[in-house]
Amino acid sequence: MLVFFLLLGTVLVGTFRMKPVFQATAVLEIRKTGESGMSLENLFSEDLGAGGDKDLNTEVEILKSWPVAEETARLSGHQLVLDRSRPLYETLFRRLKHRFKGMMSKEESDREGLTGDLVQDSNEPFRVESLAIPALERSFAFKAKFSDDASFCVMDEHGEPFARGIIGRPCTTPLFSFTFHGTLYLERSVFPFIIRPLSQAAQDIRSNLEVSPIRNTRLIRLILTSRDPDEARRLLSSVIAAYQHRKIEQKTLMASRALDFIDKQLNAVDEHMQEAVNKLKRFKEERRLVSLSDSVRVAVDQVAELEKKEQELILLHKQSEFLLSMLEGQQIIDQESLYSLGNAMGQPVLISLANDLSQLQGHRASLRSQYTELHPTIQAMDKNMATVKGKIKAEVSSLANSIESQQKALAQEILVAEKRLEKLPEAEKHLADLTRQAKVYQDTYSFMLEKKGELQVTKASQLGDIWVVEPAHAGHGFVKPNVKKNVLLALILGLALGIGLAFFLDYLDASIKNEEDIQSIVTLPVLGTIGHHHQPKNRRGLKEPDLFLLEDSGSQLAESFRTLRANMLFISVDKPRRLIALSSPLPEDGKTTCAANLAVALSQMGKKVLLVDADLRKSYLHRVFHLDRSPGLSTVLAENDWQTTLGKAIRKTEMHGLYLLASGERPPNPNEMLASEKMGQLIDLVSRRFDFLLFDTPPLLQISDAVVLSQRLDAVVLVVRSGKTSKDSLKDAVELLSNAQTDIIGVVLNDIDFRRERYYYAYQYKYYGKYYDGKAGYTTGGKKGTQVG
């Protein structure tokens with residue numbers, strides 16, 4: 001029970017000392033490439049776009065990747081942190097206080113009580129904006145102290161002023177620059193203010209970000225936790241922005257490079273086109289030639305069309321060379337450029353390979369956030385990408401060779417067509433050449449403008465692949481700690497630990513607790529079980545024996561001793577045993593109490609009983625019966641005329657038929673006295689005058705007095721104490737007496753707690769609890785009708 005309450009108290013204290021944690025959530029839809037706009041992939045194939053759970057899981061890993069986290073830290077300024085959080089108990093106390101005082105509404109109270117000592121005076125959440133932060137190798141801890149006039153002071157770790165400023169205005173320190181935003185009411189004016197490296201800020205974001213796909217949809221749920229709900233919402237918005245930026249950057253990389261290439265080619269073609277048009281115009285003006293004949297115009301158009309095709313082939317050849325150069329390195333190859341080349345050359349295999357490479361590149365980017373370059377998973381992924389790149393390279397090389405062959409064939413056709421034009425008159429021939437050149441450049445310029453438009457559409461179409469279904473938002477109720485869950489777990493764990501510890505301690509406890517323990521060690525019968533009882537202690541802290549049969553003859557304890565008496569007499573039917581010693585393995589097992597109460601129980605039957613205090617070292621029986629210690633046994637044995645002294649030493653008690661021979665003064669040689677011939681004569685003499693002689697002897701395992709005396713008696717009764725006497729002690733005591741050939745008639749189990757052993761003694765405890773009305777202070781009862789061997 002103590003373990004249970006300790007654990008429960010510890011959990012409650014720990015829970016209410018924790019600082020509340022809030023969460024912001026958002027939902028994104030990851031659309032298939034080109035689904036929200038026109039793209040080459042969407043135009044050329046319906047089933048080649050990335051999709052399915054595998055692709056969605058790739059996006060999840062990209063969202064959790066290190067580059068996205070670093071970009072988020074830059075966008076949000078998360079390198080600077082002003083910690084305004086407080087423990088849960090203080091939070092709840094302040095909320096209740098404000099509600100009772102009526103200082104604010106419930107919503108404002110929740111907001112103020114849970115997010116800090118600062119309450120926003122405007123709709124803008126309080127935040128810190130980083131303006132300039134250098135590259136840092138470690139964190140720096142400061143404290144920000146705010147004043148009522150909206151000014152603040154940043155102090156270093158030694159409490160010295162580091163910078164001063166005003167909320168809403170830029171503040172420049174020797175290390176960094178920042179701005180606090182928001183108008184604040186202050187109750188606690190000093191807060192921890194930390195600046196940390198970008199890597200630490202990114203790691204903090206990653207550790208607090210949870211990304212998971214929503215089953216059977218193309219939706220992804222994002223959850224980010226923080227000690228400030230506004231900070232959680234702002235950070236999650238930055239995560240989405242960083243992810244969108246990275247995706248756009250990845251998807252438009254090759255399109256941007258292709259656009260740069262087209263722009264350079266357009267400029268060159270435009271210059272040649274302008275030059276050709278100007279030459280044609282000047283020639284017409286100088287020779288006064290307006291137009292060509294129909295036959296010549298047909299020949300010129302034929303040559304111009306062939307040269308246009310030649311320019312297209314040249315452009316495709318340059319595009320293939322550009323892709324081959326990219327494939328030689330480790331740069332990311334965008335599938336759109338490969339789609340364009342594959343479609344232009346009628347190669348669906350190249351389009352399919354482009355899709356495979358795109359998926360592998362995305363998957364590798366997500367894995368790279370978890371593993372290093374040397375990890376086997378990354379190396380296996382690189383090997384797969386190298387295989388796909390090899391196939392793409394082979395296809396592009398084959399296309400390049402095909403383009404070169406088409407260029408050679410086209411050059412022959414152009415040569416044949418040009419020879420036809422050479423037969424024309426010189427002036428008409430020259431006009432035809434100028435017209436053909438101008439037309440070729442104009443057609444080439446139009447073709448390149450068309451390609452530029454396609455690439456611009458491709459680039460713009462990537463912007464809509466990510467749709468923010470549910471923007472980042474945060475409630476003002478904390479998600480951690482979960483008080484109910486913690487308390488429930490503490491209750492379950494406390495009960496489990498308490499029960500487990502009880503069983504473990506019980507397993508480690510080698511003491512005797514019930515009759516079953518005794519019978520598992522020795523084959524002796526249990527003559528009686530005496531319940532737990534309170535015994536007053538003397539000035540030396542030792543328990544004083546009580547006479548329960550005299551104090552309350554109707555109590556459960558009194559009945560226990562009557563049961564002991566009955567069992568002892570029953571076991572002595574065939575072989576009368578009148579001279580009985582009561583001993584125990586160790587001190588304080590209750591042998592003196594049992595001896596005194598058993599003597600009273602025998603005398604109540606009308607028997608004449610002599611109770612002898614044979615413990616000459618530590619005697620107690622004279623105190624029990626309120627008699628003097630001397631004269632006693634040692635006095636008698638020390639006298640020559642011992643028979644005369646014996647008559648004076650044996651004194652009558654208040655109980656009819658019960659006499660006491662006290663121990664007398666402590667002699668220097670107790671063991672020798674008990675082993676003397678005079679002791680034997682004394683026993684023979686008094687045994688003829690009394691029905692029963694009960695001897696209270698010293699503990700067996702400490703002193704040999706009991707063993708010496710037991711050889712002169714009929715039997716020995718061993719007294720053990722529940723929960724104190726060890727099993728080994730009982731075993732050693734029995735072995736010691738057996739070696740002395742002493743008759744041990746049984747064992748008395750003393751001071752047993754029936755409530756603790758309620759399962760073993762369930763019937764007896766319930767029966768005696770109803771039948772007897774014991775005195776207040778007696779917590780248990782005895783056992784009736786114990787079966788003996």
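Computed over heavy atoms, backbone and side chain alike; hydrogens, waters and symmetry mates excluded.
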Discussion item. Contact between Ser584 and Val720 at the side-chain level, heavy atoms closer than 4.5 Å - yes or no?
Written reply: no

Worksheet item: Would the number of heavy atoms belonging to other residues, nucleotides or ligands and lying under 6.0 Å from NZ of Lys607 be above 12?
Response: no

Worksheet item: For the residue pair Ser603 and Met655, what are the closest heavy atoms and their distance?
Response: OG-CG, 3.3 Å

Fill in: Trace of the side chain to side chain contact (heavy atoms under 4.5 Å, CB included) decision for Phe22 with Thr225
CA-CA 5 Å; Phe22 306 85; Thr225 57; over 6 Å; no

Practice prompt. Please step through side chain to side chain contact (heavy atoms under 4.5 Å, CB included) for the pair Leu682 and Val636, ending with a clear verdict.
Written response: CA-CA 9 Å; Leu682 185 150; Val636 174; 3.6 Å; yes

Worksheet item: Between Asp83 and Ser85, do the side chains contain an N or O donor and an N or O acceptor separated by less than 3.5 Å?
Response: yes

Fill in: Glu654 atom CD, neighbour heavy-atom count above 12 within 6.0 Å
no

Item to complete: Can you run down the side chain to side chain donor-acceptor pair (under 3.5 Å) pairs that involve residues 723-733, sequence neighbours left out, and say none if there aren't any?
Response: Asp589-Thr725, Ser726-Ser729

Worksheet item: Any side-chain heavy-atom pair from Leu749 and Arg721 closer than 4.5 angstrom?
Response: no

Worksheet item: Does the cation-pi check pass for Arg623 over Phe625, that is, NZ or CZ under 6.0 Å from the six-membered ring centre and within 45° of its axis?
Response: no

Practice prompt. Kindly indicate, with the supporting measurements, whether the criterion side chain to side chain contact (heavy atoms under 4.5 Å, CB included) is fulfilled by Leu602 and Phe692.
Written response: CA-CA 8 Å; Leu602 289 170; Phe692 287 95; 4.1 Å; yes

Worksheet item: Any idea which heavy atoms bring Leu527 and Ile745 closest together, and the distance?
Response: CD2-O, 4.0 Å

Worksheet item: Looking just at side-chain N and O atoms, do Asp751 and His532 make a donor-acceptor pair shorter than 3.5 Å?
Response: yes

Worksheet item: Would a 4.5 Å heavy-atom cut-off, applied to side chains only, mark Leu661 and Arg651 as touching?
Response: no

Discussion item. If we ignore hydrogens and angles and just use 3.5 Å, is the side chain of Ser722 paired with the main-chain N or O of Lys513 as donor and acceptor?
Written reply: yes

Worksheet, complete the sentence: Note: Ser687 and Leu693 closest approach over all heavy atoms is CA-CD1, 3.9 Å

Discussion item. Using a 3.5 Å distance criterion without hydrogens, assess whether the side chain of Ser634 forms a donor-acceptor pair with backbone atoms of Ser663.
Written reply: yes

Item to complete: Using a 4.5 Å cut-off on heavy atoms from C-beta on, say whether the side chain of Pro525 contacts that of Ile571.
Response: yes

Worksheet item: Is a side-chain donor or acceptor of Asp156 paired with a backbone partner of Gly159 at a separation under 3.5 angstrom?
Response: yes

Discussion item. Applying side chain to side chain contact (heavy atoms under 4.5 Å, CB included) to Ser226 and Val21, what does each step give before you reach the verdict?
Written reply: CA-CA 6 Å; Ser226 174; Val21 176; over 6 Å; no

Discussion item. Which heavy atom of Pro87 sits nearest to which heavy atom of Lys19, and what is that distance?
Written reply: N-CG, 4.1 Å

Worksheet item: How close do Ser619 and Asp613 get, heavy atom to heavy atom, and via which atoms?
Response: CB-OD2, 3.0 Å

Worksheet item: Under 4.5 Å between any side-chain heavy atoms of Ser583 and Leu700, yes or no?
Response: yes

Worksheet item: Do Asp615 and Thr697 get their side chains close enough for a donor-acceptor pair, meaning under 3.5 Å?
Response: no

Worksheet item: Would Glu665 and Ser630 count as having a side-chain donor-acceptor pair, cut-off 3.5 Å?
Response: yes

Discussion item. Could you measure the distance from the CG atom of Leu646 to the CD atom of Glu639? Nearest 0.5 Å is fine.
Written reply: 11.5 Å

Item to complete: If a pair satisfies ring pair (Phe, Tyr, Trp, His ring centres under 6.0 Å) and one of its residues is in residues 632-674, list it, with sequence neighbours excluded.
Response: Tyr659-Phe690

Discussion item. Would you say that Leu718 contacts Leu737 through its side chain, given a criterion of any heavy-atom pair below 4.5 Å between the two side chains?
Written reply: yes

Under 3.5 Å donor-acceptor pairs involving side-chain atoms of residues 708-717, not counting sequence neighbours:
| unit_1 | atom_1 | unit_2 | atom_2 | d |
| --- | --- | --- | --- | --- |
| Ser710 | OG | Ala706 | O | 3.3 |
| Ser710 | OG | Val707 | O | 2.7 |
| Ser710 | OG | Thr742 | OG1 | 3.1 |
| Arg712 | NH2 | Ala675 | O | 2.9 |
| Arg712 | NH2 | Ser676 | O | 2.9 |
| Asp714 | OD2 | Arg578 | N | 3.0 |
| Asp714 | OD2 | Leu579 | N | 3.0 |

Item to complete: Report, as yes or no, whether the 6.0 Å neighbourhood of atom CG on Asn739 holds more than 12 heavy atoms from other residues, nucleotides or ligands.
Response: yes

Discussion item. Let's go through Ser520 and Asp517 carefully: what are the C-alpha distance in whole Å and the side-chain angles of both, what is the deciding distance for side-chain hydrogen bond (donor to acceptor under 3.5 Å, both in side chains) to 0.1 Å, and is it a yes or a no?
Written reply: CA-CA 5 Å; Ser520 67; Asp517 292 340; 4.9 Å; no

Worksheet entry | Glu559 CD to Gln556 CD distance, which is reported to the nearest 0.5 Å | 9.5 Å

Worksheet item: For atom NZ of Lys485, is the number of surrounding heavy atoms from other residues, nucleotides or ligands below 6.0 Å larger than 12?
Response: no

Worksheet item: In Å, rounded to the nearest 0.5 Å, how long is the span from CD of Gln681 to NZ of Lys678?
Response: 8.5 Å

Fill in: Residue pairs involving residues 699-718 (criterion ring pair (Phe, Tyr, Trp, His ring centres under 6.0 Å); sequence neighbours excluded)
none

Worksheet item: What is the distance from atom CG of Leu694 to atom CG of Asn597, rounded to the nearest 0.5 Å?
Response: 11.5 Å

Item to complete: Please report the closest heavy-atom contact between Ser139 and Arg196, naming both atoms and the distance.
Response: OG-CB, 3.3 Å

Worksheet item: Could you give the distance from NE2 (His622) to CG (Leu627), rounded to the nearest 0.5 Å?
Response: 9.0 Å

Worksheet entry | Side-chain donor/acceptor of Arg629 to backbone N/O of Gly664, under 3.5 Å | yes

Worksheet entry | Pairs meeting criterion ring pair (Phe, Tyr, Trp, His ring centres under 6.0 Å) with involvement of residues 726-752, two or more places apart | none

Practice prompt. State, yes or no, whether a side-chain contact exists between Glu677 and Met679 at a heavy-atom distance under 4.5 Å.
Written response: no

Discussion item. Distance check, rounded to the nearest 0.5 Å: Leu658 atom CG versus Thr653 atom OG1?
Written reply: 3.5 Å

Discussion item. Which residues pass the salt bridge (Lys or Arg N to Asp or Glu O under 4.0 Å) test with Arg617, not counting sequence neighbours?
Written reply: Asp705

Discussion item. Measuring only between side-chain heavy atoms, which start at C-beta, is Leu12 closer than 4.5 Å to Asn486?
Written reply: no

